[in-house]
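The basis for the numbers below is simple: all heavy atoms, side chains too, and nothing from hydrogens, waters or symmetry mates. The chains referred to below are lettered A, B, ... by the order of the sequence lines, with proteins before strands, and numbering in each begins at 1.
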Amino acid sequence: MTTTESRGFVGTPVRRREDPALLSGEARFVDDLVVSGALHFALVRSPVAHARIRSVDTTAAASMPGVVAVFTGAELAGDWLGPIPCAWPVTADMKNPPHYPLAVDEVCYAGDGVAVVVATSDALARDAAGSVVVDYEELPAVVDLEDASSDRALVHAALGTNRAYTWELIPDPDAVERAFAEAAHVVSERYIQQRLIPSAMEPRGVLAVPEPFGGNLTLYASTQTPHIVRVMVAATLGMPESKLRVVAPAVGGGFGSKIDVYAEDLLAVALARRLRRPVRWREERSENTQATIHGRGQVQHIELAADAEGRVQAVRVRLLADMGAYLQLVTPGVPLLGAFLYHGVYDIPAYSFSCTAVFTTTTPTDAYRGAGRPEATYAIERAMDALAAKTGIDPAELRRRNYIRAEQFPYASAAGLVFDSGNYHAGLDEALSVVRYDELRAEQADRRARGDRVQLGIGLSSYVEMCGLAPSRVLASLNYGAGGWEAATVRILPTGKVQVVTGSSPHGQGHETAWSQIVADELGVPMEDVEVLHGDTAVSPHGLDTYGSRSLSVGGTAVWLAGQRVLDKARAIAAHQLEAAEDDLEYTSGAFSVRGSPERSLPIQAIAFEAFTAHNLPDGMEANLEASISWDPPNFTFPSGTHVAVVEVDTETGAVRIRTYVAVDDCGNQINPLIVAGQVHGGVAQGVAQALFEEAVYDEAGNLLTSTLADYLVPSAADLPAYTLSSTVTPSPTNPLGVKGVGEAGTIASTPAVMNAVVDALRPRGVTDIVMPASPWRVWEALEASSGETDKEVGA
Amino acid sequence: MIPAAFEYRRVHTVEDAVAQLGELGDDAKLLAGGHSLLPLMRLRLATPAVVVDIGRVEGLSYVRDEGDQVAIGALTRHRDVEISPVLREMVPLLAHAASQVGDPQVRHRGTIGGSLAHGDPASDLPAVVLALGGTLVAQGPGGRREIPAGEFFTGFLETALEPGEVLVEVRVPASPGGWSFQKFNRRAQDWAIVGVAAVRRNGSSGVALVNMGSTPVRARATEEALASGASVADAAALAAEGLDPPADLNASPEFRAHLARVLVRRALEEAGG
Amino acid sequence: MRYWIEAGQVTGRGASEKGVPMRVQVRVNGVEHEDEVEPRVLLVHYLREVVGLTGTNVGCDTSSCGACTVLLDGESVKSCTLLAAQADGHEVTTIEGLASPDGTLHPMQAAFREHHGLQCGYCTPGMVMAAVSLLAEHPSPTEAEVREGLEGNLCRCTGYHNIVKAVLAAAEAAPAPVGR
């Protein structure tokens with residue numbers, strides 16, 4: 001950012017330009033788009049977890065009012081060149097059972113599609129879907145991960161096992177063994193990462209509109225990944241990619257759940273091609289909970305070996321990871337996104353990680369906000385508190401003793417990454433000071449001594465994540481099926497207005513605002529002169545979309561670099577017209593001028609017009625002021641921070657209330673602190689929700705018991721606290737903006753902070769773990785289990 | 001989802017509603033505020049052939065001071081119960097409990113009559129009316145009759161209303177003394193995992209429980225113990241005596257029983273002597 | 001305009017046979033609408049698909065999320081838990097009816113923007129309408145009252161922090177009349 005004068009947009013809390021349309025109801029989500037003559041489709045979904053399909057009778061449904069067509073899985077089988085795609089075969093021998101948009105012989109989870117009804121309205125399609133008769137021969141359900149790994153009953157009999165793969169990262173096994181053999185303290189912990197339902201407020205939806213001639217088709221989808229959807233849908237349906245345009249209109253949140261290529265995307269295109277009419281589908285919430293991916297779902301074993309002073313010498317992790325019934329787009333890779341981070345922010349010399357992935361007869365899992373990193377952070381941060389308890393060292397002091405020190409960056413981790421920059425001690429110091437840690441510990445001691453009904457818990461969580469997904473070569477080494485670059489175009493139109501095209505596809509993050517800030521500063525133009533285009537493969541043919549906190553560090557950098565190229569060209573034009581050497585030009589306030597002769601000056605808008613008329617350009621120069629770039633980051637970025645949760649636990653009812661929540665985050669340079677704060681707030685809320693509220697619960701037969709928002713407890717404003725934010729700034733050397741990413745930080749940090757706080761409150765009562773979510777019932781049960789005296793004290 | 005198709009009939013008098021119910025029998029469902037019925041219809045867990053909309057029946061939304069009791073029209077919305085000056089002064093427990101039902105949007109539509117007639121053991125107001133010792137007034141083909149709240153809730157989502165009867169009024173005794181409403185849930189908008197409504201007046205106590213059985217129930221053992229002079233702590237320890245609380249995702253029967261004991265104690269302490 | 005009509009004829013206001021449209025008259029954002037709808041049509045579907053105002057969103061099927069919140073005669077209601085027939089003869093205000101005709105945002109909308117009270121924007125119309133109704137009933141709420149007052153509206157993006165801030169700020173500013 002040093003090459004241009006800042007106009008002062010970057011780093012300031014510019015109000016979002018996205019907001020007026022969203023606030024006034026003008027924004028258009030997929031289901032808001034009006035297309036005359038569109039048909040609606042509805043899926044017949046399996047009500048059972050696992051069954052052979054004996055027969056599907058569609059005759060009654062086909063004669064219902066408004067019904068245009070009904071198809072079974074067998075009838076559409078010829079439409080697919082391949083199954084629903086999985087782009088991440090993490091090992092060469094990974095098992096990947098084929099999963100088609102509609103099941104043909106067997107359903108493997110409740111919600112799996114069996115048939116599709118197309119009708120003149122959504123209501124009539126759903127009426128008729130209820131009249132399709134499917135004869136199921138039930139097969140055993142497999143829900144529990146450890147049960148699944150035993151292969152007692154198989155999800156996919158043809159595979160002969162429920163294990164999809166085992167992936168290991170053990171750079172030096174001997175070092176690990178040695179560290180454990182020599183350890184003064186060993187902690188061995190088992191944690192459950194419950195399944196979560198991402199629950200974006202906008203359920204999914206698709207609308208496929210065929211053009212009357214030529215075979216072109218536009219797919220409007222509520223997706224995070226229009227570019228990936230385009231490639232995958234075209235490939236799966238065997239249609240030329242050039243004939244498919246994918247548009248992500250306003251998208252109502254994703255959190256990872258809208259990365260995937262889904263059955264309904266493929267069905268919409270297939271049905272529109274068959275019927276030569278627009279077709280659309282809107283997801284009901286009770287479908288979303290079963291037909292859209294889930295997140296998390298792991299059993300974690302973590303062991304730490306520490307010396308007498310509590311310095312951790314080795315970490316050893318074994319995971320069982322729940323894939324669900326099938327592998328969606330990046331399902332198998334999610335544990336790998338955490339695999340390198342189980343040592344957290346600590347300088348731990350020996351590292352061992354292994355993950356076994358298993359199939360269950362449940363909704364497929366995939367990336368959910370944080371994807372692998374919340375799981376890793378949870379395990380190491382809970383284990384650090386366990387070690388603190390075991391050694392009698394204060395949790396803050398234990399962390400301080402083990403942190404990677406600021407002078408160690410760039411830090412080569414035992415797991416094989418190079419951490420770009422950070423200052424973990426500074427984050428901790430700030431967090432402890434803001435929360436008044438010492439006073440809290442004093443209050444806690446006081447309450448404990450008094451035997452207060454309401455006990456105080458203080459939970460720390462220090463985290464580091466790897467963002468900026470990702471250097472393409474690193475992805476190659478992990479067998480990921482795509483790269484990690486991002487594309488951008490900056491063009492200055494003849495009138496001097498600026499168009500920015502980004503391959504990153506926002507759904508609430510505020511790209512239009514942040515990208516405008518970057519480019520307005522860079523080019524020295526007013527923000528309102530910058531227009532940001534995105535989310536349409538016809539406008540931005542190249543892109544890898546939005547997930548993994550990558551948008552700013554990769555996509556924003558690409559935009560800035562494209563702007564630099566535009567300036568390079570503009571400089572050449574200016575030098576030519578001002579009859580000066582390029583080196584003699586300086587660029588300030590949107591104009592090139594000759595050093596020492598400020599009257600010899602050309603504003604960028606004038607240069608754009610010159611580039612448009614092309615009347616007087618340097619020899620050989622092409623017309624127009626435009627540059628495109630695809631930028632591949634050289635490394636990940638490593639945002640970090642420390643969060644502190646202060647909770648009050650009612651030891652009679654088990655109710656947990658968060659009294660104070662302090663978040664200190666370091667996401668490098670901040671383009672828009674307002675947006676950064678919003679991302680942290682929302683991220684923290686989702687992490688708190690995992691700790692205290694949310695869980696996808698299946699019964700033994702594989703029925704999802706939390707299939708509505710009445711049962712799946714997304715918390716409201718009344719259930720969550722206010723947050724106190726602070727930040728440290730350690731610019732990333734990985735990209736010229738010095739940014740790191742902040743979309744997932746809050747979610748990653750907050751779950752262990754809250755759970756450490758809850759356990760901290762109850763540790764004197766013998767409680768060492770509570771399975772998430774720490775509901776009143778679970779807290780009460782933990783108290784009951786740890787002390788036979790509890791009920792006597794309470795009941796009186 | 002959109003509900004399955006149904007026939008819609010709007011009535012403007014109680015007599016019309018009674019006549020419709022008589023004609024249609026089990027095929028018909030009454031729609032008042034709709035906040036019990038429509039969610040079930042949207043999930044197609046309820047598919048009535050006919051919906052009889054009583055929302056516009058005249059003269060069923062009122063709160064009347066009748067001296068030693070207050071009469072509330074069945075179509076009085078939770079919001080109107082909450083802010084009624086009469087109830088706030090004479091039966092503050094009911095006004096407060098109404099402010100805890102669902103969320104503001106629900107309270108703008110849901111009615112006291114609808115809530116009671118649905119007979120959901122997890123709803124707040126049935127327990128409140130039980131604790132208060134209220135009376136429900138039903139109108140049927142044979143005219144009006146009064147049903148004591150203690151006899152109204154007969155089974156899971158079942159009430160003493162006869163097939164042709166419409167609930168038209170709720171009467172509760174003036175209870176300006178000590179009271180408490182304890183609602184314990186995980187999310188503010190949700191039904192109570194366990195709730196307690198308690199009133200204490202002139203030395204007698206009414207204690208009723210939310211979500212502690214297949215119907216809204218009184219904590220009889222607690223009430224009897226209090227009547228015979230037991231301490232609050234001893235009486236509260238009996239809160240779950242003889243009850244068969246349900247199991248669900250939020251609580252086991254044991255945890256519910258425990259919560260009932262804790263919350264009844266807190267309620268009695270708050271209500272005072 | 002007809003909606004989901006397959007057979008039969010309109011039976012008039014206040015009653016309709018199964019599957020047969022009925023006439024409803026609803027004043028939406030100050031404009032009188034008279035339409036024929038099937039009885040099962042929910043108010044939110046009526047607003048979105050018949051009146052053509054798509055600002056009101058649907059986020060769940062259990063009256064839990066509040067994305068569909070509109071004002072019915074000035075009070076917040078969940079338009080997914082109301083038949084269009086129940087709104088017959090009433091006045092509805094949607095998010096589209098909140099700003100001034102010249103496009104000036106309502107103070108609540110402006111406060112949401114100023115305080116970054118929205119991200120993806122899907123819950124926002126319902127949240128704003130709920131907040132407008134809340135201030136109508138509690139003109140000077142505490143933070144806790146704002147949180148309680150918004151208990152019926154779920155947001156997945158913001159963690160509510162800035163929503164609460166926005167509503168408190170709007171309460172500080174001079175209250176504005178709602179709708180028309």
Taking atom CG of A/Leu720 and atom CZ of C/Arg147, what is their separation to the nearest 0.5 Å?
7.0 Å
Write down the atom of A/Pro20, the atom of C/Arg113, and the distance for their closest heavy-atom approach.
CD-NE, 3.8 Å
Check whether C/Thr158 gets within reach of chain A through its side chain, its backbone, both or neither, counting any heavy atom under 4.5 Å.
backbone
Would you give the length of the straight line joining atom OG of A/Ser121 to atom CD of C/Glu38, rounded to the nearest 0.5 angstrom?
8.0 Å
Check the angle between the aromatic planes of C/Tyr122 and A/Phe29 and answer parallel, tilted or perpendicular using the 30° and 60° thresholds.
perpendicular
Please find the pair of heavy atoms, one from C/Arg40 and one from A/Leu124, that lie closest to each other, and give the distance.
NH2-CD2, 4.1 Å
Segment of A/Asp31 engaging chain C (4.5 angstrom heavy-atom cut-off):
both
With no hydrogens and no angle check, just 3.5 Å: does a side-chain donor-acceptor pair link C/Thr62 and A/Arg285?
no
If you tally heavy-atom pairs under 4.5 Å against chain C, which of A/Ala21, A/Ser199, A/Gly253 wins?
A/Ser199
Could you tell me whether a side-chain N or O of C/His161 sits under 3.5 Å from a main-chain N or O of A/Tyr723, the two making a donor and an acceptor?
yes
Exercise: identify the closest heavy-atom pair between C/Glu96 and A/Gly25
OE2-O, 4.1 Å
Quick check on C/Val146 against chain A: is it the side chain, the backbone, both or neither that has a heavy atom closer than 4.5 Å?
neither
Step by step, would you call C/Cys120 with A/His507 a side chain to side chain contact (heavy atoms under 4.5 Å, CB included)?
CA-CA 6 Å; C/Cys120 83; A/His507 38 282; 5.6 Å; no
Among A/Thr289, A/Asp127, A/Asp711, the residue with the most heavy-atom pairs under 4.5 Å to chain C is A/Asp127
Which bit of C/Ser64 comes within less than 4.5 Å of chain A, counting heavy atoms only: side chain, backbone, both or neither?
side chain
So, the part of A/Pro13 with a heavy atom under 4.5 Å from chain C: the answer is neither
So which heavy atom on C/Leu154 is nearest to which on A/Met201, and how close?
O-CE, 3.7 Å
Which region of A/Pro721, side chain (C-beta onward) or backbone (N, CA, C, O), has a non-hydrogen atom less than 4.5 Å from a non-hydrogen atom of chain C, or is it both or neither?
backbone
Could you tell me which non-hydrogen atom of C/Gly159 sits nearest to which non-hydrogen atom of A/Ala685, and how far apart they are?
CA-CB, 3.4 Å
Would you mind telling me which of A/Ala200, A/Ala689, A/Gly683, A/Gly678 has the largest number of heavy-atom pairs within less than 4.5 Å of chain C?
A/Gly678
Derivation of the side chain to side chain contact (heavy atoms under 4.5 Å, CB included) call for A/Leu23 and C/Met108:
CA-CA 10 Å; A/Leu23 280 162; C/Met108 187 62 75; over 6 Å; no
With a 4.5 Å cut-off on heavy-atom pairs, point out which of A/Ala27, A/Gly252, A/Ala250, A/Pro506 contacts chain C the most.
A/Gly252
Does any heavy atom of chain C fall under 4.5 Å from the side chain of A/Gln679, the backbone, both, or neither of them?
both
Against chain C, work out which of A/Val684, A/Thr708, A/Val688 has the most heavy-atom pairs shorter than 4.5 Å and name it.
A/Thr708
Could you tell me which non-hydrogen atom of A/Ala717 sits nearest to which non-hydrogen atom of C/Leu150, and how far apart they are?
CB-CB, 4.4 Å
Output the distance between atom CD (C/Glu148) and atom OG (A/Ser716), rounded to the nearest 0.5 Å.
7.5 Å
A/Val714 versus chain C, the contacting section by heavy-atom distance below 4.5 Å
both
If you tally heavy-atom pairs under 4.5 Å between each of C/Gly55, C/Gly121, C/Ala110 and chain A, the highest tally belongs to C/Gly121
Side chain, backbone, both or neither: which part of C/Asn57 has an atom under 4.5 Å from a heavy atom of chain A?
side chain
Any side-chain heavy atom of A/Glu18 within less than 4.5 Å of one from C/Leu118?
no
Holding to side chain to side chain contact (heavy atoms under 4.5 Å, CB included), I want the full list of residues that pass it with A/Ser549, two or more places apart in sequence or in another chain.
A/Glu465, A/Cys467, A/Glu744
Taking every non-hydrogen pair under 4.5 Å, which of A/Asn288, A/Asp719, A/Val34, A/Ile675 racks up the most with chain C?
A/Ile675
Just verifying a value: how many Å separate C/Gln109 CD and A/Leu22 CG, rounded to the nearest 0.5 Å?
11.5 Å
Can you find a pair of side-chain heavy atoms, one from C/Glu114 and one from A/Arg15, that are under 4.5 Å apart?
yes
With a 4.5 angstrom heavy-atom cut-off, is it the side chain or the backbone of A/Asn672 that approaches chain C, or both, or neither?
neither
For the side chain of C/Arg156 and the backbone of A/Pro198, is there at least one donor-acceptor N/O pair under 3.5 Å apart?
yes
Spell out, as yes or no, whether a donor-acceptor pair under 3.5 Å connects the side chain of A/Glu284 to the backbone of C/Asp61.
no
Who are the side chain to side chain contact (heavy atoms under 4.5 Å, CB included) partners of A/Ala663, not counting sequence neighbours?
A/His643, A/Tyr661, A/Asp665, A/Val680, A/Leu725
Supply the atom-to-atom distance A/Asp19 CG to C/His116 NE2, rounded to the nearest 0.5 angstrom.
7.5 Å
